[in-house]
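Before any comments, here is the structure.
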Amino acid sequence: MIATVELMKKTQGLEKIRNIGFIAHIDAGKTTTTERILYYAGKTHKVGEVHEGTTVTDWMIQERERGITITSAATYCQWKDFQINIIDTPGHIDFTVEVERSLKVLDGVVVIFCGVGGVQPQSETVWHQADRYQVPRIAFINKMDRVGVDFLGVLSEMKEKLAVPLAPVTLPIYKDDDFLGVIDLIKMRAVYNQGEFGQEVKEDEIPQDLKEAAAKQREHLIEKLAELDDAFMHKIIDGQGVDQEEITAAIRKYVIANKFVPVVCGSALKNKAVQLLLNAICEYLPSPIETVPIKGVILKSGEEKVIEADLGAGFCGLCFKVFTDPFVGKLFYTRVYSGKVTVSSTIYNATKDEKEKISKIIRMHANKQENVPQAQAGDIICLVGLKNTTTGDTLCDSRHSLVLEAIKFPQPVVSLAIEPKTQADQDKLFDALRKLADEDPSFKINYNKETGQNIISGMGQLHLEIMVDRLIREFNVLAKIGKPQVAYKETVTRKVEAVGKFIQQTGGRGQYGHVVIILEPLSKGQGIVFESKIKSGVIPKEYIPAVKEGIEEAVESGILGGYPVVDIKVTLIDGSYHDVDSSELSFKVAAELAIKEALRKAGPVILEPIMSLEVIVPAEYSSQVIGDLNSRRGKISSIKERKNLRIVSADVPLSEAFNYADALRNLTQGRASYTIEPSYYEKVPDELLAKILGV
């Protein structure tokens, strides 16, 4: 009894918190659903519409112009006696990083499906992302008012494509193809919305023509739960029946255990059945004390520790997003897992080993801010004033320092060259790019010294378009965009000997340098190796570093296409010098002449970068994907099966991988995803050599 009382003190109030997100395919209705929830919960007093650009969570100008969500927006509301913290995520695959980091910190999600489109491509992607993070979920089939809607068809498609135990808890009610309301299968009552915006909820008898179908679906729901619950099974066998409270408790139990998904339906745009979705969020999704506990590693001992939602424990949180506000500065979106933190307190960034001072704690309502004095376990808030924190960092009490598991972000797959339009824009450009990269871990910047280009990389063409648009609008930077070049390299295929002589007489002191070298190929990744075997002072040792320097500078530009030379060994074996005319310069030039001669004789070849590519694709599209990879000179290394998916691993030349994101979407109707990263260099086929060299 004492232990129970202590537990209640440590977690008091947390059982009424729901940290949830909306995830779905683009245009399934996430933002519209969020708008209705905020309105019905009294957080907003006007219903915003996506097509009018008046929604709360789509506040960026790029979002309102395109009618899509680009960045995840955090907000909150009260429903009955529950506090619901909400993250509305993008549906476009280019912004999948926003879904990834949101799922890392959420306790539950609502997966929204279109009643006409069903399980669309990105629906599968976000579902599998939720699988990776073991996030409990409920499903909301939206747009039940649309022409061509097929509720039972969508249910069937969900079972087939998502391979998960599910059952509806509401059924749609139609009259002459008009969507009127829903049947609550647990209460066995018809539910209708009234008023201009559906704010009034009215219960009534189930229409006579739907009673049989409702009874059948309720029986199906109970059978699904009985497959998971022995107590249910025994009650059914004994003919006892189950009441509303028992059904609700069972659904909640198995949703939290990630063994069951209840399905509700409605129309957010037409203001129907959203209140039932709100009820389902509160009744079925877990509180912070019911989720799978997050784990961390204690810095001093290296031991693993489970972090529980304990108000009395030391502060521990995860910064899952950084965003630059033009007025406040950087906002550090943080999920608090344990303890409390107050304004003006000093916390410890365990990831960076730095102390940080909090100047403000803000509760976000999209882009609007509310200052609060403190945050505690279960909260999703923004911290202001931190200097060295970045996305994925662990923030904690210095007396209880530990590091939480970092967020894993997808690697960029599309790259573009970028440069400032004027010299005056140069510093502004790089400062702006750094700020954007701080916000978005899937947006990368690097300078390719081999091609002399500044490269920005992201998750797709739209992703990079948005970033360039933000550069112009938010940072007032003008930039030119171009396609990056492939960073080819050169090497040799056989061992040769070569001589380099630099003899010059100018009337006064001349120049004399003479070296003999052996050039030979090395295995992949060996770089440039230099060795001197000079004995008996044939070449004075003070000139040897100049020989090495001449060789290293010469191999920066090969003799075929001017690409850097790699994976060779150069051995200095002989030479001669002049007492008066020899110098470091003469031996450096002699070495350059020798290496160029050797490269011509040693069977030079051009190497191209090979990328390691992994594609996760529904089984029915795997043959098209494999055929396309073969046409791109890809070498398939493995094909693995995972439920109804295929994981295809291949090595593909970088030159063939440009625009692969768009091609893959077209091949698979957007239902596949992939990762790509540099792997190694390989000889360019002879038939492509002329094209690369432009001859």
Side-chain angles (χ1 to χ4, degrees), residues 17-25 28-30 32-34 36-37 40-41 77 79-80 82 84-89 91 99 102-103 106-115 118-119 123-124 126-131 133-144 151 154-155 157-159 161-172 182-187 191 217-218 220-221 224-225 228 244 247-268 272-288 290-292:
I17 293 177
R18 298 290 181 268
N19 289 313
I20 64 112
F22 294 107
I23 61 175
H25 185 87
K30 297 181 299 301
T32 302
T33 303
T34 305
R36 297 312 188 269
I37 282 177
Y40 296 136
C77 64
W79 179 249
K80 298 179 179 177
F82 289 85
I84 306 176
N85 299 318
I86 301 169
I87 296 181
D88 178 25
T89 67
V99 180
S102 298
L103 287 170
L106 292 173
D107 300 330
V109 292
V110 178
V111 189
I112 301 179
F113 299 88
C114 173
V119 183
S123 308
E124 290 181 88
V126 297
W127 190 277
H128 296 309
Q129 284 177 290
D131 281 340
Y133 290 101
Q134 297 181 297
V135 183
R137 67 212 80 161
I138 60 180
F140 176 53
I141 300 181
N142 191 24
K143 303 189 178 185
M144 297 304 295
F151 178 68
V154 175
L155 282 175
E157 195 177 0
M158 289 171 67
K159 292 174 185 175
K161 292 184 176 179
L162 305 177
V164 62
L166 55 85
V169 293
T170 64
L171 285 181
V182 299
I183 297 171
D184 184 335
L185 293 176
I186 298 175
K187 292 183 178 180
V191 182
Q217 286 295 342
R218 189 177 197 271
H220 173 68
L221 169 64
K224 279 293 179 184
L225 294 171
L228 300 167
Q244 295 178 24
I247 295 173
T248 300
I251 293 173
R252 177 175 180 76
K253 176 181 178 181
Y254 293 107
V255 167
I256 292 173
N258 249 316
K259 293 182 178 178
F260 180 72
V261 177
V263 182
V264 295
C265 64
S267 171
K272 296 188 186 300
V274 177
Q275 290 94 333
L276 268 67
L277 173 61
L278 266 167
N279 290 339
I281 289 169
C282 299
E283 291 171 349
Y284 305 140
L285 291 177
S287 70
E290 295 168 308
T291 58
V292 177

* Asked: Is the number of heavy atoms from other residues, nucleotides or ligands within 6.0 Å of NZ (Lys187) greater than 12?
  -> no

* Shortest non-hydrogen contact between Cys265 and Phe151, atoms and distance -> CB-CE1, 3.6 Å

* Structure fact -> The reported gap from CD1 in Ile251 to CD1 in Ile186 (rounded to nearest 0.5 angstrom) is 4.0 Å

* Any donor and acceptor pair, going by atom type alone, linking the side chain of Arg18 with main-chain N or O of Cys282 inside 3.5 Å? -> yes

* Asked: Do any N or O atoms from the side chain of Tyr254 and from the backbone of Leu228 form a donor-acceptor pair under 3.5 angstrom?
  -> yes

* **Reported CD1-to-CG distance for the pair Ile247 and Leu185, which is rounded to 0.5 angstrom** => 9.0 Å

* Asked: Can you tell me how far the CD1 atom of Ile84 sits from the CD1 atom of Ile17, to the nearest 0.5 Å?
  -> 11.5 Å

* Give the minimum heavy-atom separation between Pro286 and Arg252, together with the two atoms involved. => CA-NH2, 4.3 Å

* To do: Work out which heavy atom in Ile112 is nearest to a heavy atom in Gly29; give both atom names and the distance.
  => CD1-O, 4.0 Å

* Determine, stepwise, if the pair Val109 / Tyr133 fulfils side chain to side chain contact (heavy atoms under 4.5 Å, CB included). => CA-CA 11 Å; Val109 292; Tyr133 290 101; over 6 Å; no

* Please examine the side chains of Tyr284 and Asn279, heavy atoms only from C-beta on, and report whether any two atoms are closer than 4.5 Å. => no

* **Validation row: Leu162, Phe113 side chains within 4.5 angstrom (heavy atoms)** => yes

* Do Val154 and Val263 pass the side chain to side chain contact (heavy atoms under 4.5 Å, CB included) test, and can you show the C-alpha distance, the side-chain angles, and the key distance before you say yes or no? -> CA-CA 11 Å; Val154 175; Val263 182; over 6 Å; no

* Asked: Is any side-chain heavy atom of Phe22 closer than 4.5 Å to a side-chain heavy atom of Ile37?
  -> yes

* Ile281 side chain near Val110 side chain, heavy-atom distance below 4.5 Å -> yes

* **Side chain to side chain, Met158 and Ile141, heavy atoms closer than 4.5 Å** => yes

* Asked: Just by modelled atom types, is the Ala268 backbone N or O under 3.5 Å from a matching donor or acceptor in the Asn142 side chain?
  -> yes

* Shortest non-hydrogen contact from Ser102 to Ile87? -> OG-CG2, 3.4 Å

* Asked: If every non-hydrogen atom of Ile86 is compared with every non-hydrogen atom of Cys77, which pair is closest and at what distance?
  -> CD1-SG, 4.1 Å

* Which value, rounded to the nearest 0.5 Å, describes the distance between Thr33 atom OG1 and Lys143 atom NZ? -> 9.0 Å

* Asked: Is the backbone of Trp127 close enough, under 3.5 Å, to the side chain of Arg137 for a donor and an acceptor to pair up by distance?
  -> yes

* Asked: Do the non-hydrogen side-chain atoms of Val182 and Lys272 ever get within less than 4.5 Å of each other?
  -> no

* **Partner residues of Arg218 under the side-chain hydrogen bond (donor to acceptor under 3.5 Å, both in side chains) criterion, sequence neighbours left out** => none

* Does any non-hydrogen side-chain atom of Val119 lie less than 4.5 Å from one of Glu124? -> yes

* Step-by-step side chain to side chain contact (heavy atoms under 4.5 Å, CB included) determination, Leu221 to Phe260 -> CA-CA 11 Å; Leu221 169 64; Phe260 180 72; 3.8 Å; yes

* Asked: Any side-chain heavy-atom pair from Trp79 and Gln275 closer than 4.5 angstrom?
  -> yes

* To do: Step by step, work out the side chain to side chain contact (heavy atoms under 4.5 Å, CB included) result for Leu285 and Asp107.
  => CA-CA 8 Å; Leu285 291 177; Asp107 300 330; over 6 Å; no

* Gap between atom CD of Glu290 and atom CD1 of Ile256 - 0.5 Å precision -> 4.0 Å

* Which atom pair, heavy atoms only, marks the closest approach of Leu103 to Val126? -> CD1-O, 4.4 Å

* To do: Kindly compute the distance separating OH (Tyr40) from CG (Leu278), expressed to the nearest 0.5 Å.
  => 9.5 Å

* Say whether, by atom type as modelled, one donor and one acceptor occur between the side chain of Asn258 and the main chain of Gln134 under 3.5 angstrom. => yes

